[in-house]
Amino acid sequence: MENCNLVILDFETSGLSPALGDRAIEIGAVKIRNGQVIETFQSLMDPGFKVSHFIQDYTGITNQMLAKAPPCEVVMEQFSKFISGQPLAAHKASFDSRFLDAELNRLGRAHTERFACTMLTARRVFPAAPDHKLGTLVDYLGINLSGHAHRALADAEAAGELWFRMLAEIRTTFRLQSIPFDLMQRLGRIPKNAVPAFLAEQAKQRAR
DNA sequence: TGCCAGGCCCTCTTTAGGGCCTT
C-alpha cells in the first residue's frame with residue numbers, strides 16, 4: 001500500500017503568525033506506514049516568553065508547563081530528524097507549514113517535503129459535513145479523540161484518523177484501491193464540482 | 001481597549017469582498 005506513507009503533524013503555537021513573533025509551543029505528529037500509525041512524536045517547547053491567557057485557556061498548556069520544557073531549537077532539531085524525507089500533512093497545512101518553516105529557519109534548515117492539507121481534502125471528500133473544522137469532523141465521523149482537543153498529539157492523531165476515513169470513503173465510493181499521497185494532495189486543490197469526474201477518471205486509469 | 005495573519009475558496013466574481021480555518 002503506497003497510499004499511507006506520511007507524517008501528519010500539528011503545532012500548538014503562541015498565536016497565529018510567526019511574522020508577528022509567534023512561536024511554536026508544542027508539536028505532535030504520527031508517522032504512518034502501510035495504513036497504520038507506527039510511531040508518534042510529542043513535545044512541549046519553551047518559546048522563551050510567556051504566552052497569553054487566551055492560548056493557555058485554548059490549549060490547556062500553561063506557562064508553568066512551558067518553563068519546564070526544552071527550548072524550541074532542541075525540540076525542532078529532533079523533529080526535523082523525525083520527519084526527514086517524509087511527505088507531510090496537517091489540518092490547515094498552510095498554518096502548520098508556516099510555523100514549520102519559521103522554526104526550521106531558526107536552525108538554518110528548511111523543509112522540502114511535500115505537504116498535503118486534510119482540511120482542503122476533507123472539504124471535497126465530505127462535502128456534507130456541517131463545517132470542516134477538525135473538531136467538527138471528529139464528531140461528524142465518530143472519531144475517538146485520544147486526548148484533549150487542541151493538544152498537539154491528540155489533534156495529530158485525529159487528523160491521522162481523518163486521513164484513513166478519507167481513504168476509506170474514496171475506496172468505497174469510487175472503487176479506487178490505490179490512493180497515493182499525491183492524489184490526496186491534488187484532491188485538495190481541484191474545484192469541488194470537478195471531484196467526482198477526477199476520481200472516476202483516476203479509477204478508470206488504474207483499471208486499465 | 002481591542003485587535004493583530006495568510007491563503008484558499010465561493011460567488012450576487014474577475015476593476016472584489018467576505019467566509020473559512022489554523023493558534
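The shown structure was predicted, so the numbers you read here are calculated from the model rather than taken from an experiment. Chain naming here is simple, since letters A, B, ... match the order of the sequence lines and numbering starts at 1 in each.
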Item to check | Pairs meeting criterion ring pair (Phe, Tyr, Trp, His ring centres under 6.0 Å) with involvement of residues 90-119 of chain A, two or more places apart | outcome: A:Phe95-A:Phe99, A:His111-A:Phe115
Item to check | Distance, C1' atom - from B:dC3 to B:dC10, rounded to whole angstrom | outcome: 27 Å
Checklist entry - Quick one: salt bridge (charged side-chain N to carboxylate O under 4.0 Å, His left out) partners of A:Arg175, sequence neighbours excluded? => result none
Checklist entry - Can you list the residues that meet the salt bridge (charged side-chain N to carboxylate O under 4.0 Å, His left out) rule with A:Glu169, with sequence neighbours excluded? => result none
Checklist entry - ring pair (Phe, Tyr, Trp, His ring centres under 6.0 Å): which pairs involve residues 122-159 of chain A, sequence neighbours left out? => result A:Tyr58-A:His150
Next on the checklist: With the threshold set at under 4.0 Å for non-hydrogen atoms, list the residues of residues 137-149 of chain A touching DNA chain B in residue-number order.
Outcome noted: none
Checklist entry - Can you tell me how far P in B:dT14 sits from the matching atom in B:dG18, rounded to whole Å? => result 13 Å
Checklist entry - Within the structure shown, what part of the strands sits under 4.0 Å from A:Arg151 by heavy-atom distance: base, sugar-phosphate, or nothing? => result nothing
Next on the checklist: Tell me the interatomic distance from A:His53, atom NE2, to B:dG2, atom P, rounded to whole angstroms.
Outcome noted: 17 Å
Item to check | Test: A:Glu77 and A:Arg109 ion pair at under 4.0 Å | outcome: yes
Item to check | Residues which pass salt bridge (charged side-chain N to carboxylate O under 4.0 Å, His left out) with A:Glu157, listed by chain and number, not counting sequence neighbours | outcome: none
Checklist entry - For nucleotides 17-23 of chain B, read 5' to 3', which letter fits each nucleotide if B means a protein heavy atom sits under 4.0 Å from the base, S means only the sugar-phosphate is that close, and - means neither? => result ---SBBB
Next on the checklist: Work out how far the P atom of B:dC4 is from that of B:dC9, and round it to whole angstrom.
Outcome noted: 23 Å
Checklist outcome for this item: Taken to the nearest whole Å, CG/A:Asp101 to P/B:dA5 is 19 Å
Checklist entry - Quantified in whole Å, what is the C1' atom distance between nucleotide B:dG7 and nucleotide B:dT1? => result 29 Å
Item to check | Pairs flagged by ring pair (Phe, Tyr, Trp, His ring centres under 6.0 Å) wherever residues 188-208 of chain A is involved - sequence neighbours left out | outcome: none
Checklist entry - B:dT23 and B:dA16: how far apart are their P atoms, nearest whole angstrom? => result 32 Å
Next on the checklist: With a 4.0 Å cut-off on N to O distance, would you call A:Arg151 and A:Asp10 a salt bridge?
Outcome noted: no
Item to check | Spacing of the C1' atoms in B:dG17 and B:dT13 (rounded, Å) | outcome: 9 Å
Next on the checklist: My understanding is that only residues two or more places apart in sequence, or in another chain, count here; which of them pass salt bridge (charged side-chain N to carboxylate O under 4.0 Å, His left out) with A:Arg124?
Outcome noted: none
